[in-house]
Amino acid sequence: MRLTKSFYERNAVLVARELPGKRLVRCLNGERLSGTIVECEAYRQDDTACHAHRGMTQRNAVMFGPPGQTYVYFVYGMHFLLNIVAEQKGHAAAVLIRAIEPREGIETMQKLRGGGKVGKLLTGGPARLTQALAIDKSLNGTNLMDSDVLWVEENEATIADTDIACGPRIGIGYAAEPDLLAPWRFWVRGNPCVSR
DNA sequence: CGCCAGATCCACT
DNA sequence: GTGGATCTGGCGG
């Protein structure tokens, strides 16, 4: 069953805490590629690590829109990163998906990644998973509640609260001290696909 | 192993 | 013009 708007419209930190264990599904040429979300991070409007903290721009506009849409952006000249917009329209917030554990379509993901990669090297890392799932800027603004190419659904197995760990976010050295230290990264304790 | 630079584009200043 | 919510391969210890 797909996650609904009521899941995404809450505080991004709460959404990020509950996304690990859910299943990210990408339908590519009729094939289901999917994996369990095992690592993600929350970003909020008044957060110096967040792209939206200086206000709306062409790039981050979707973060200011309604929840449950994707925010896909390009960094470092070669990587796409996948976020899910959270909170209500007008409150810019999103959750960066940092790692998944592959479930379906693993061979296709390996081809998309250039072959031979397994475990953490296949889908552990925000740019690795987008490459494995063929997610690029053309999917920016996708509505996860009604898209037929990308969505998030419940998994058959859930993760116990005690197996969710949290800590500071990765790669935000430019942020101010309190934001740098905020424990807004959540991951499945001990999962081999977590990026680090 | 770990460290570090290069890759390579585009939105924002 | 600058630098980034990253990854990879090459080099040195």
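Just so it is clear: chains get the letters A, B, ... in the order the sequence lines come, proteins before strands, and each one is counted from 1.
- Checking Y43(A) against E41(A) by side-chain atom types alone, a donor-acceptor pair falls below 3.5 Å.
- Between R196(A) atom CZ and dT6(C) atom C1' the separation is 9 Å, expressed in whole Å.
- Distances shown here put a side-chain N or O of Y174(A) below 4.0 Å from the OP1 or OP2 atom of dA5(C).
- Nucleic acid contact class of L96(A) (heavy atoms, under 4.0 Å, all strands): base.
- A search for salt bridge (Lys or Arg N to Asp or Glu O under 4.0 Å) contacts involving E39(A) returns R98(A), R185(A), not counting sequence neighbours.
- In this structure, the CG atom of L180(A) is 13 Å from the P atom of dG4(C), given to the nearest Å.
- As judged by a 4.0 angstrom heavy-atom cut-off over every strand, Q58(A) is placed among residues touching the sugar-phosphate backbone only.
- Neither OP1 nor OP2 of dA5(C) sits under 4.0 Å from any side-chain N or O of R185(A).
- Applying the 4.0 Å criterion to OP1 and OP2 of dT8(C), one finds that R128(A) has a side-chain N or O inside that range.
- In this structure, Q131(A) places its CD atom 13 Å from P of dT8(B), rounding to the nearest Å.
- One finds no side-chain N or O of K120(A) lying less than 4.0 angstrom from the OP1 or OP2 phosphate oxygen of dT8(C).
- One can place CZ of R169(A) at 15 Å from P of dG4(C), the figure rounded to the nearest angstrom.
- By the 4.5 Å heavy-atom criterion applied to side chains, I97(A) and L129(A) are counted as neighbours.
- Under the 3.5 Å distance criterion, with hydrogens and angles disregarded, no donor-acceptor pair is assigned to the side chains of T36(A) and R23(A).
- Annotation: F74(A) is not in aromatic contact with H79(A) [ring centroid separation under 6.0 Å not met].
- Considering only residues two or more places apart in sequence or on other chains, T158(A) meets the side-chain hydrogen bond (donor to acceptor under 3.5 Å, both in side chains) condition with none of them.
- Base-pairing analysis of DNA chain C finds the following stems of at least three consecutive Watson-Crick or G-U pairs, with both pairing distances under 3.5 Å: B:1-7 with C:6-12, B:9-12 with C:1-4.
- Contact between the side-chain N/O atoms of R59(A) and the OP1/OP2 oxygens of dC9(B) is not found at any separation under 4.0 Å.
- dG4(C) has no stacking from Y76(A) on its base ring, since the centres under 5.5 angstrom apart and planes within 30 degrees of parallel are not both found.
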